K.L.:
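Before we start, here is the structure in question, set down as structure tokens.
We name chains A, B, ... by the order of the sequence lines, and we start the count at 1 in each one. As the structure is a prediction and not an experimental result, all values here were calculated from the model.
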Number of protein chains: 2
Amino acid sequence: MAVQDTSPRNSLQAKKQEVVRGEIWNAAIDLFFEHGFDNVHVDQIAAKAGVSRRTFFRYYGSKEDVMGATVKRYGEALAQAIRDQKAELSSLEAAKAAIKQVLAPTLHQTERVVQVAERSPAARMAQFLQVPLLEREVTWAFANRSKRATKESSLEHRILASLTMTATGMCVEIWVRDQKRPMPEIVDEVFAAIVHLFRAEDEKAESARRAKR
Amino acid sequence: MAVQDTSPRNSLQAKKQEVVRGEIWNAAIDLFFEHGFDNVHVDQIAAKAGVSRRTFFRYYGSKEDVMGATVKRYGEALAQAIRDQKAELSSLEAAKAAIKQVLAPTLHQTERVVQVAERSPAARMAQFLQVPLLEREVTWAFANRSKRATKESSLEHRILASLTMTATGMCVEIWVRDQKRPMPEIVDEVFAAIVHLFRAEDEKAESARRAKR
DNA sequence: GTTGACAATGGCACAGTGTGCCATTACGCT
DNA sequence: AGCGTAATGGCACACTGTGCCATTGTCAAC
């Protein structure tokens, strides 16, 4: 008979684990959304998810971790999207395109999470805590792309990753502020600001170089 | 008689508070340095500082806060330094100059703190937690400068602030990695990468514009 | 110098967190 | 059916962060 799974005995159990993880996540977000992030305790989440307090801690290190999970997933999707962009695009253009592809669906699927973060500084911090991890992944994605295109230094990949994360944050913020606007428009606005900044600084450097000559 | 202080009765008490705050800070950093951030408990810090546990929490919200205080001070100094740069400099040049002025002294004065952060992820996170606050201050500093010079959007100020923070982080990292190199050299290298990235992206955008025409 | 506010401190007490440990259960496999 | 491993639940415990109140210290006016 054909053995279709990756690991012989683990895949089933792994799937079940993911189910439990999802169950806990749903319970947590529901409670956060209803009572506010700060007013929810781990015990309540565990109870709602139908597991013991102890088991909760086997899946998430804390309720902060549950918030972070969303950001983590976004980061992974974003890194993949960056890798998938056409090689002709510059790194920044790739970042812009990737954000356009990934951010809107993510925000739509996790609208409750966004609202939770909006209302609680602690929740925002929990999300923010994921950024360094996420930045590493994105840095790596840029490095992969760059292997087969323009040659950029490792420093530049990190700067690009940081810019990408900042841009994401700004897009989310604008999206939350004026709800109606379509995401692609917001992304364009943010990246227009980046490019404008680039141009201005570059011209300044150019004229300085001319003056020195 | 001349009254030299700001507030009539508060200034003395305020100074005493700062003394206690400093005492606690020193005790904490000493312990972190000796036993590692993760192995130090609030009780030990309080004992070493000669105050009660309860009083510790009146000055710092947690031991993480103690780590964050260093970053907070750096951020304030940096924001001020940015404001103080000559108006002729572009925002990015101002950032570069400000980092050159502020970072080296700060790192030198807080070398033990840097080593603590180096050895403990939790300690690094505690520092990282301050970044959003700090970024706001730097954003504001750029906005102040820009009032009397080039006109940049609020979005651009935030991007600049983010770049400045990232640059700082990268400089510290490089400084820790190869100890010998002088800080100005490191700063130059990091900002060279930024400018190089700007040029590359700008040229790309330029050629795209030409192609469309 | 005494007294009277008022801020700072210390010492509980308590709810909540995160983890090690072990008994129990559930499940996959032969 | 039965064996073995992994997941779970239920303590127990050390630590955190905060409200509360009694005590101490400090400054100012009398």
K.L.:
Can you tell me how far C1' of D/dC15 sits from CZ of B/Phe37, to the nearest Å?
P.N.:
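Between C1' of D/dC15 and CZ of B/Phe37: 14 Å.
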
K.L.:
Do any side-chain nitrogens or oxygens of B/Tyr59 fall under 4.0 Å of OP1 or OP2 in C/dT9?
P.N.:
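It does, given that an N or O in the side chain of B/Tyr59 lies less than 4.0 Å from OP1 or OP2 of C/dT9.
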
K.L.:
With sequence neighbours left out, what residues match A/Gln127 under side chain to side chain donor-acceptor pair (under 3.5 Å)?
P.N.:
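Counting only residues at least two positions away or on another chain, A/Gln127 forms no side chain to side chain donor-acceptor pair (under 3.5 Å).
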
K.L.:
My understanding is that only residues two or more places apart in sequence, or in another chain, count here; which of them pass salt bridge (charged side-chain N to carboxylate O under 4.0 Å, His left out) with B/Glu23?
P.N.:
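Salt bridge (charged side-chain N to carboxylate O under 4.0 Å, His left out) list for B/Glu23, sorted by chain: empty.
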
K.L.:
What's the NZ-C1' distance between B/Lys16 and C/dC6, to the nearest Å?
P.N.:
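Whole-Å distance recorded here is 13 Å.
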
K.L.:
What's the CZ-P distance between A/Arg58 and C/dA26, to the nearest Å?
P.N.:
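Between P of C/dA26 and CZ of A/Arg58: 15 Å.
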
K.L.:
Is any side-chain nitrogen or oxygen of B/Ser52 closer than 4.0 Å to OP1 or OP2 of C/dG10?
P.N.:
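For C/dG10, OP1/OP2 do have a side-chain N/O of B/Ser52 under 4.0 Å.
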
K.L.:
Per the side-chain hydrogen bond (donor to acceptor under 3.5 Å, both in side chains) rule, what does the pair list look like for residues 159-178 of chain A, sequence neighbours excluded?
P.N.:
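The answer is A/Tyr74-A/Thr168, A/Ser162-B/Thr166, A/Thr166-B/Ser162, A/Glu173-B/Arg158.
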
K.L.:
Just how far, in rounded Å, is P of C/dA8 from CD1 of B/Ile24?
P.N.:
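These atoms are roughly 13 Å apart.
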
K.L.:
Starting at atom CG of A/Asp38, determine the distance to atom P of D/dG17, rounded to an integer number of angstrom.
P.N.:
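Distance, rounded to whole Å: 15 Å.
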
K.L.:
Whole angstroms only, please: what is the OH-P distance between B/Tyr60 and D/dT16?
P.N.:
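After rounding, the gap between these two atoms is 17 Å.
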
K.L.:
Could you give the side-chain donor-acceptor pairs of residues 182-192 of chain A under 3.5 Å, partners two or more places apart or in another chain?
P.N.:
unit_1, atom_1, unit_2, atom_2, d
A/Glu185, OE2, A/Arg181, NE, 3.1
A/Glu185, OE2, A/Arg181, NH2, 3.4
A/Asp188, OD1, A/Lys96, NZ, 3.4
A/Asp188, OD1, A/Lys100, NZ, 2.9
A/Asp188, OD2, A/Lys100, NZ, 3.4
A/Glu189, OE1, A/Arg181, NH1, 3.3
A/Glu189, OE1, A/Arg181, NH2, 2.6

K.L.:
CD of A/Glu18 versus C1' of D/dA7: gap in Å, rounded?
P.N.:
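It works out to 14 Å between those atoms.
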
K.L.:
Any salt bridge linking A/Glu18 with A/Arg21? Criterion: basic side-chain nitrogen under 4.0 Å from a carboxylate oxygen.
P.N.:
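Looking at A/Glu18 and A/Arg21, the cut-off is met.
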
K.L.:
For residues 25-35 of chain A, please give each side-chain donor-acceptor pair under 3.5 Å, one per line with the distance, not counting sequence neighbours.
P.N.:
unit_1, atom_1, unit_2, atom_2, d
A/Trp25, NE1, A/Val66, O, 3.4
A/Asn26, ND2, A/Gly22, O, 3.3
A/Asp30, OD1, A/Arg112, NH2, 3.1

K.L.:
For nucleotides 14-20 of chain C, give me one character per nucleotide, 5' to 3': B if any protein heavy atom sits under 4.0 Å from the base, S if the only such contacts are to the sugar-phosphate, - if neither.
P.N.:
--SBBBB

